[in-house]
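Owing to the predicted nature of the structure, the values given are computational and were not obtained by experimental measurement. Reckoned from all heavy atoms, side chains included, excluding hydrogens, waters and symmetry mates. Lettering follows sequence order; numbering is per chain, from 1.
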2 protein chains.
Amino acid sequence: MRSGPGSLISESGAEAATPAPSFPDDGKNTIASQLVSRLREAIISGQLEAGSKINLDRAKQSFNVSLSPLREALARLISDGLVEFEDNRGYRVSPVSLSNLEEITSLREEFETYALRESMRVGDVDWEGNVMRALHRLNRTERDASKPETLEQWEAVHREFHLTLISGCRKPLLLSFCKTMLNLNDRYRRTFLTRTSGDRNVSVEHSEIAQGTVARDMDYACDRLREHIHRTGTNLRKHLAEKGIA
Amino acid sequence: MRSGPGSLISESGAEAATPAPSFPDDGKNTIASQLVSRLREAIISGQLEAGSKINLDRAKQSFNVSLSPLREALARLISDGLVEFEDNRGYRVSPVSLSNLEEITSLREEFETYALRESMRVGDVDWEGNVMRALHRLNRTERDASKPETLEQWEAVHREFHLTLISGCRKPLLLSFCKTMLNLNDRYRRTFLTRTSGDRNVSVEHSEIAQGTVARDMDYACDRLREHIHRTGTNLRKHLAEKGIA
DNA sequence: TTTTGATAAATCATCGATTATTTGTCAAGC
DNA sequence: GCTTGACAAATAATCGATGATTTATCAAAA
């Protein structure tokens with residue numbers, strides 16, 4: 001989960017070459033922790049179908065790991081709301097539903113605007129800078145439905161933008177909860193929304209939120225953010241309806 | 001771990017007599033799930049000291065279990081915010097601090113009032129009845145500092161009261177988050193607050209909240225609830241300060 | 001035909017042992 | 001004296017095998 005003295009050995013062992021590969025370790029040392037990331041990505045991206053049961057034997061094979069770290073990773077993923085568990089019946093990918101999407105949207109509206117307000121109240125200049133940087137990166141990242149790798153990249157910077165907005169609030173529990181909601185929300189987008197809706201200029205929305213934020217105009221920024229989240233929810237709801245999901 | 005169709009069988013099997021003993025199983029069939037409850041209780045009650053490392057060998061012995069279910073139980077407890085984990089360094093009981101308490105108090109104020117408002121908006125008559133029942137039970141449960149078993153009992157019905165208040169909101173994610181915050185808050189109370197503060201009549205506070213709630217007087221009920229949570233926070237903060245906790 | 005109950009197969013849960021990592025100890029070198 | 005590095009002890013992480021429960025199958029009875 002972190003670097004520490006142990007990794008120094010591997011570092012010095014790989015003195016030369018590019019800086020990146022010196023660390024075989026991305027901070028996730030153990031199999032279980034690596035699995036948490038891999039499983040999370042597999043679920044959010046839709047590779048593991050919503051609502052489906054996770055067969056331990058098969059998962060063990062497909063991820064090429066042993067049972068103990070797999071079970072531990074799944075247990076930790078419960079925190080993220082991405083998997084559910086039942087005694088003697090194992091783990092399953094959390095299902096999707098209209099009501100679930102609606103709750104996620106409501107809670108994002110409430111919590112993220114609250115966290116944004118708090119950030120504007122107590123956030124420092126570093127945080128302001130991070131917001132502007134995240135906005136810039138987001139605006140410079142292309143989102144082309146025909147190129148899947150751009151979609152993934154866009155999802156990453158988009159997520160980063162929303163998290164950076166509220167990262168100044170100094171409330172770790174609130175941040176972790178917002179992160180969870182964002183994960184759940186992103187799964188809906190990545191599963192159901194390949195193209196962006198034509199009647200929205202999402203870039204402008206993001207810019208307005210960021211501008212209002214660094215100007216510490218609480219009501220303006222929070223209103224824009226709330227609208228932004230709400231529009232995304234409405235948009236997603238349509239796509240769920242099209243695919244006949246109740 | 002749940003009710004569902006399965007439990008209907010056992011339920012009808014226990015027609016006569018007292019409902020309780022028919023089930024050797026409280027819904028927690030596996031060792032891991034039982035451990036989750038036991039560990040949670042041990043942490044909230046303060047038996048496992050805040051911030052302390054959880055040595056797996058020792059825990060294994062003192063709970064008389066094997067390693068696999070212990071690790072799985074601890075992993076699940078991360079969701080509750082009661083334990084933290086770091087690769088290769090294992091699990092530890094989440095530490096307590098003034099800032100942590102303050103965040104919990106703020107978030108309870110925000111989330112519980114939001115959930116209460118939602119409950120008043122969409123809650124049905126059943127829910128109203130549950131609120132009045134929970135209030136009655138709470139008022140009839142004595143809280144005598146000289147008898148530890150009454151404290152435990154009071155904690156249980158008090159927790160139940162607060163959860164019932166917001167149980168009508170039809171937002172499972174929100175409820176689970178409120179539950180988590182309530183757990184964290186209860187640990188502070190059970191660890192630092194043995195006697196109730198003299199200048200408060202907590203019974204009256206609870207009654208006002210409940211009365212306002214079933215009358216669907218949103219502003220009144222939410223204001224009373226917010227004050228109630230805030231007072232508890234202030235009260236606890238004093239006790240932390242006395243014990244020199246920053 | 002539908003239900004019931006026994007059996008087999010699949011799957012989940014747990015255990016004990018092994019491996020890898022971290023932490024503690026202490027002597028050699030600076 | 002302080003740091004460094006080798007070694008040993010403690011601890012965490014993983015594995016493969018075993019035990020327990022659930023699910024699937026199918027024949028006999030209603």
Aromatic plane relationship, [Y] with [X] - under 30° parallel, 30 to 60° tilted, over 60° perpendicular:
X: A:Phe177; Y: B:Phe177; answer: tilted
X: A:Phe85; Y: A:Tyr91; answer: tilted
X: A:His158; Y: A:Trp154; answer: parallel

State whether [X] places a side-chain N or O below 4.0 Å from either non-bridging phosphate oxygen (OP1 or OP2) of [N].
X: A:Asn55; N: C:dT11; value: yes
X: B:Lys53; N: D:dA12; value: yes
X: A:Arg89; N: D:dT23; value: yes
X: B:Arg71; N: D:dA12; value: no

If the test is side-chain hydrogen bond (donor to acceptor under 3.5 Å, both in side chains), which one of A:Asn183, A:Asp186, A:Asn185 qualifies with A:Arg159?
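Result for side-chain hydrogen bond (donor to acceptor under 3.5 Å, both in side chains) with A:Arg159: A:Asn183.
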Checking all strands, does [X] fall into the base, sugar-phosphate, or nothing category for heavy-atom contacts under 4.0 angstrom?
X: B:Leu67; answer: base
X: B:Ser68; answer: base
X: B:Ile54; answer: sugar-phosphate
X: B:Lys60; answer: nothing

For atom CG of A:Asp57 and atom P of D:dA17, their distance in whole Å
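Going from CG in A:Asp57 over to P in D:dA17 covers 13 Å.
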Closest nucleotide among D:dA13, D:dT14, C:dC15 to the B:Ser66 side chain
C:dC15
